[in-house]
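Numbering of ligands and ligand atoms starts at 1, following listing order.
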Amino acid sequence: MTGAAAAPRDVAARATAGFRQRYGAEPAGRWAAPGRVNLIGEHTDYNDGFVLPFALPLRTVVAAAVRPDTCWTVWSELADDVVEFGPKEADEPGRVTGWAAYVAGVVWALRATGHAVPGARFAIASDVPVGSGLSSSAAIESAVLAALVELGGLDLPAARWPRLAQRAENEYVGAPTGIMDQSAVIRGRAGHALFLDCRTEEVEQIPFDLDSAGLAMLVIDSRAPHRHADGEYASRRKSCEEAARSLGVPALRDVRVTGLDAALGRLSNDETRRRVRHVVTEDQRVLDTVALLRAGRVRDIGPLLTGSHASMRDDFEITVPEVDTAVEAALAAGAYGARMTGGGFGGCVLALVDASSADAVAAAVTAAYADRGFAAPGTLTVLPATGATRLD
Ligand code: GLA
């Protein structure tokens with residue numbers, strides 16, 4: 001031990017302590033943004049379709065203050081290093097790399113849309129695990145964005161933040177993702193899932209009260225090693241866009257289940273047909289899930305979750321043995337439904353379970369993993385939490 005005080009456990013306290021230690025000053029404020037899971041609606045966002053994510057209680061906190069010049073300094077406990085950049089690096093997508101690119105991307109997106117972004121110092125602490133598919137990157141982007149908007153007194157209503165943070169990720173970082181993650185992280189509300197129409201960006205907060213139904217949402221981190229997830233994501237997106245062009249529609253959202261067979265009949269490639277079938281049926285599963293939740297029938301969404309998983313496994317082909325094992329084991333142990341959440345090729349699985357059996361389901365998944373020789377999964381239960389916010 002060096003004699004330094006042990007890091008405080010609370011994420012907001014860690015961000016503040018990091019700020020004081022790095023910059024020898026008090027932050028002007030702290031802004032938090034959560035990770036997310038998607039209840040249902042996978043790979044539908046960039047097809048202009050429907051998604052139903054919710055914000056997690058795990059959060060990233062940014063302690064921040066303006067600095068007198070137009071430069072940005074960022075420290076993160078995740079890498080325990082400091083990155084500094086000026087307007088030159090911020091204005092050239094790709095110049096800042098690694099975790100700090102999410103911060104530089106937000107500065108870039110704000111400047112590119114004509115905002116006068118103040119120079120600032122940031123200290124970032126996070127409870128959102130990196131690489132588990134819980135949108136740790138959207139959490140950083142959104143917390144930094146919230147901080148800069150307020151520190152700079154920028155005229156930017158929160159409804160426009162998701163598109164701006166998505167631009168940071170698409171155009172500065174270079175990941176061709178949709179708008180779901182940033183929307184969930186920014187617009188999520190405690191006790192609710194966010195029903196988002198990704199074409200119009202209209203949202204509806206859908207009550208998702210697990211507690212009073214005696215239910216729990218188990219999140220299982222598959223711990224599957226990344227297997228070319230970025231390239232696979234981009235290729236899925238490309239197939240969907242090409243399929244929409246062949247079908248003469250602006251996006252696959254414009255093909256509804258009632259017209260699915262006719263649309264499939266016009267596509268000659270079997271793989272493309274399966275990709276289209278996933279997206280079109282997944283949009284419908286989102287609408288069906290929303291209808292059940294509006295009617296208070298939370299347990300009944302289970303088969304839709306499991307159906308979504310089968311579609312991702314068989315038609316969209318984005319699952320891996322670890323997530324399939326977790327889903328099968330959770331269902332065998334009594335889950336009402338289970339599915340992989342997020343972009344695929346690893347990440348987390350959601351299982352809807354009776355609150356009283358969450359531990360038993362987690363144990364069953366862990367045992368199934370041991371049988372297959374996989375590294376032990378992580379498990380936790382979550383409730384929908386609040387989106388990006390200023391803490392004090
Ligand atoms: C990732 C992307 C999202 C979305 C999902 C799949 O999380 O960031 O935009 O496309 O994959 O639903």
Using atom types as modelled and distance alone, determine if a side-chain donor or acceptor of Arg313 lies under 3.5 Å from a backbone N or O of Ser308.
no
Could you tell me whether the side chain of Tyr102 and the main chain of Ala139 form a donor-acceptor pair under 3.5 Å?
no
Protein heavy-atom partner closest to [atom] - residue, atom, separation in Å:
atom: atom 11 (O) of ligand 1; value: Gly343 CA, 3.2 Å
atom: atom 5 (C) of ligand 1; value: Met180 CE, 3.7 Å
atom: atom 10 (O) of ligand 1; value: Tyr233 OH, 2.6 Å
atom: atom 8 (O) of ligand 1; value: Asp181 OD2, 2.5 Å
atom: atom 9 (O) of ligand 1; value: Asp45 OD2, 2.6 Å

Is the ring pair Tyr233/Tyr46 parallel, tilted or perpendicular, if the boundaries are 30 and 60 degrees?
perpendicular
Under the ring-ring contact (aromatic ring centres under 6.0 Å, His included) criterion, do His43 and Phe316 qualify, and how do the steps go?
CA-CA 9 Å; His43 288 263; Phe316 220 59; 4.9 Å; yes
Hey, could you give me the CG/OG distance between Leu56 and Ser135, rounded to the nearest 0.5 Å?
8.5 Å
So, Arg67 and Glu84, do they make that salt bridge, N to O below 4.0 Å?
yes
Residues Asp354, Arg299: salt bridge by 4.0 Å N-O rule
yes
Need the ligand 1 atom indices (1-based, order shown) with element for anything under 4.0 Å from a heavy-atom of [X].
X: Thr177; answer: 2 (C), 8 (O), 9 (O)
X: Gly178; answer: 9 (O)
X: Arg36; answer: 7 (O)

Sub-4.0 Å heavy-atom contact, Arg236 with ligand 1:
no
